[in-house]
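Predicted, not measured: the structure shown is a model, and the values here were computed from it. Order of the sequence lines sets the chain letters (A, B, ...), proteins ahead of strands, with each chain counted from 1.
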Amino acid sequence: MTQVKLPDGSIRDLPAGASALDVARDISEGLARTAVAAKVDGVVCDLATTLPDECEVALLTPRDGESMEILRHSAAHILAQAVRRLHGEQVQYCIGPALMDDFQYGFYYDFDLGDAKITDDDLKAIEAEMKKIVKEKLPIAREDLSAADAKAKLAGLGQHYKIEMIDDMSSEEQAAGIALYTQGEFTDMCRGPHLQTTGQLGKGFKLLSVAGAYWRGDEANKMLTRIYGNAFFDKKELAAHLAKLEEAKKRDHRIIGKEMDLFLLDEKVGPGMPMWLPKGAVLRTELEAWLRGLLTKAGYSMVYSPQIGKLDLYRTSGHYPYYKDSQFPPITFEDEGHEDDGFLLRPMNCPHHVQMFKHGQHSYRDLPLRYAEFGQVYRWEQSGELNGLTRVRAFTQDDAHIFCTPEQLEAEIESCVALVQTIFETLDLTDYSVRISLRDPDSDKYVGSDENWELAEENIRHVVKKLGLDYVEQIGEAAFYGPKIDFVVTDCIGREWQLGTVQVDYNLPERFDISYIGSDNTAHRPVMIHRAPLGSFERFIGILIEHFAGDFPLWLAPTQVAVLPVSEKYDDYAQQVTQQLRDAGLRVDFDHTSDKVGAKIRRATLAKIPYMVILGEKEAEAQTVAARGRKAGDLGVMSIADFVEALAQERDTQGETSLIPAKIADEPAE
RNA sequence: GCUUCUGUAGCUCAGUGGUAGAGCGCGUCCUUGGUAAGGACGAGGUCAUGGGUUCAAGUCCCAUCAGAAGCUCCA
């Protein structure tokens, strides 16, 4: 006798040896058909699982969140089965998980295909085979074996990667036994659980792309073939997902950057070397000006330094030769007679700033010293890593180095974090996560003593806890000289990028042997903070483009006002208005085309220009403008002075208020 | 760097081994207009680059360069 308690509290008695599926049948045939899996005493398992004598059972249907993972996992198996049908026995399966947090994909499977090759074109054929397997409604059956038996069986199937996986399991894991799942002619090692039959996958799945992936994610291992797909219980959900991906792609900064003429990546100049076109340069100029203001308030001093330095400088800092592979090759002289052994395009600004600190004597009374520079740096990123503005080889950090006493350190870290938060909030970038990047004690890529590292990591943890930030710790993500607090945001297609960063460094001060005179009249070692709230202007603006989908707030908008005369008869008046707006410091485009006003409005709207003024006979006579908001539409007629004042206010408050009626602000974004 | 895919007009993209195409944009002309597309005509091409196959290559093959997705990397 099996006694089952259901989630509603009711109790059902079933014959001994009953399965979760029997429970479903006992309730209704319909439920038995649609149920995906069961939760027995809180553990998700197959419907075929035999129940213990007394247990709590919840049946999972497509409506339950936990079912999705099972669906996608089974989809991966069906994919593997299809690939083996099409490409034969040589196909070995590696891993094929469900992805629940990925923006694009729902599952993948990695294969070692032997001699065979799968390209994008093959996906359709594989998908067709998967549809066949779904139609066949093959029952999916689990078999529990000892590790030895499982290995014997997998060896018979030629699945050597799976055997390797068993061999790498701990002895406890091996002792717990290995599960094999079989559907039709296909058997795979898997923890499960799975759908009842392949038929339950239905039609809501699609294969999306084929890519390479290293076995176990290790570059030294063989490259496998990975096929990505996604699956939903409902075809409509799949369609909605695909539409969402399409929408997201339209926000892509590479697309918008082209449409709006913001920046240029030109292969003649070089990959990963962005150039700011006039409109994009406005974004950069405005951000820089705003930051300079914030830095002045926070007690920073702006400095400038060259973009190259002697090789020896970087030997001292530790950049060279340890990071040789990720730098541009040194500039050296081939002919004899040069005292210098060469120069390096700088991968970081810190050595220059340290030398600037070192040039004079510093009393403890002078500290903290905060040197800020919008410094361009160069790094040799792997070609496969380059990505629009988010991963480039030449970029400009909004960098600063703070030299302070150990006592001042935590307060300085706090104010750096506060600065990052202010900046992110002003730009409405609220969706970010905080990561503490620590060193991997087993790695040799870090400089400095263990004591220095422990101290710095403790400082950082302490501040983050004090500020009550939600954060995750990541081992091995630290800079080579110290741990850091990173601010990570996600781009329009779900990729994560580090923007702001605050780094604590006890090591470069030692390596450069810098000091200040303390109150005891002896030399002391200062601590350095490296910090960049934006990270780099390039990456930050890339993310900003996607965040606003190119529809920037007025203060950042490359063009702020479009002047649209109703006909060429009013060009003189339009010219006069244009000049008055420019005199007020506004960025204005005068539309000289002979189009009708409707076409002019359409063009300005598509160009994402926040405001338009439409000028015709009435306006010319009354010396007024008919204002129009890109989102709000017609704003009515007003004097030029009133229009200018409203825009100046919106610009200078960075959009926090506007004199133009609330209807603009209330209008939902597109 | 690795796997797969892509590269045709300023942009987005069609294009069966046999004379290079469309839409948008751009220019000129007509039109002089009132809140998201007026009309006509026209200019614009090393089909990424270099080899090869072929009577013939934008199209097939190889290499290189660049881009995309993913993996690896990111001081």
Side chain E259(A) and base G25(B) donor-acceptor under 3.5 Å: no
Phosphate OP1/OP2 of A36(B): any T605(A) side-chain N/O under 4.0 Å: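 Negative; the distance criterion is not met.
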Short side-chain N/O contact to U12(B) OP1/OP2 from K258(A), under 4.0 Å: yes
How far does the [atom1] atom of [N] sit from the matching atom of [M], given to the nearest Å?
N	M	atom1	result
C55(B)	G44(B)	P	35 Å
C73(B)	C65(B)	C1'	22 Å
C62(B)	A57(B)	C1'	15 Å
G17(B)	U59(B)	P	11 Å
U8(B)	G15(B)	C1'	9 Å
U4(B)	U72(B)	C1'	16 Å
G70(B)	A56(B)	P	43 Å
A69(B)	G27(B)	C1'	39 Å

Sort out the partner of [N] for me: Watson-Crick or G-U wobble, both distances under 3.5 Å, none otherwise.
N	value
G10(B)	C24(B)
U53(B)	none
C71(B)	G1(B)
A43(B)	none
G34(B)	none
U19(B)	none
G58(B)	none

Can you tell me the distance, in whole Å, between the [atom1] atom of [X] and the [atom2] atom of [N]?
X	N	atom1	atom2	value
M273(A)	A66(B)	CE	C1'	13 Å
D121(A)	U4(B)	CG	C1'	11 Å
D120(A)	U3(B)	CG	C1'	11 Å
I227(A)	C5(B)	CD1	C1'	14 Å
K249(A)	U12(B)	NZ	C1'	15 Å
E267(A)	G7(B)	CD	C1'	10 Å
L264(A)	C11(B)	CG	P	10 Å
D591(A)	A36(B)	CG	P	15 Å

Contact between [X] and [Y] at the side-chain level, heavy atoms closer than 4.5 Å - yes or no?
X	Y	result
V83(A)	L79(A)	yes
V577(A)	I640(A)	yes
P558(A)	F552(A)	yes

Ring centers of Y446(A), F480(A) separated by less than 6.0 Å: no
cation_pi(R315(A), Y320(A)) dist<6.0 Å, angle<=45: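 No, R315(A) does not sit over the ring of Y320(A).
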Categorize [X] for me: base, sugar-phosphate, or nothing, with a 4.0 angstrom heavy-atom threshold over every strand shown.
X	answer
G636(A)	nothing
G616(A)	base
V597(A)	sugar-phosphate
K600(A)	nothing

Test item: side-chain donor near acceptor, Q397(A) and N349(A), under 3.5 Å: yes
Side chains of Q498(A) and K484(A), donor plus acceptor under 3.5 Å: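 The answer is yes; a qualifying pair exists.
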Test item: R346(A) side-chain N/O and P306(A) main-chain N/O as donor-acceptor pair under 3.5 Å: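 Checked: pair present.
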Short side-chain to backbone donor-acceptor contact, Q503(A) and P483(A), under 3.5 Å: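 No; zero donor-acceptor contacts below 3.5 Å.
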Sequence-aligned protein contact record of nucleotides 69-75 of chain B, with B where the base is within under 4.0 Å of a protein heavy atom and S where only the sugar-phosphate is: SBBBBBB
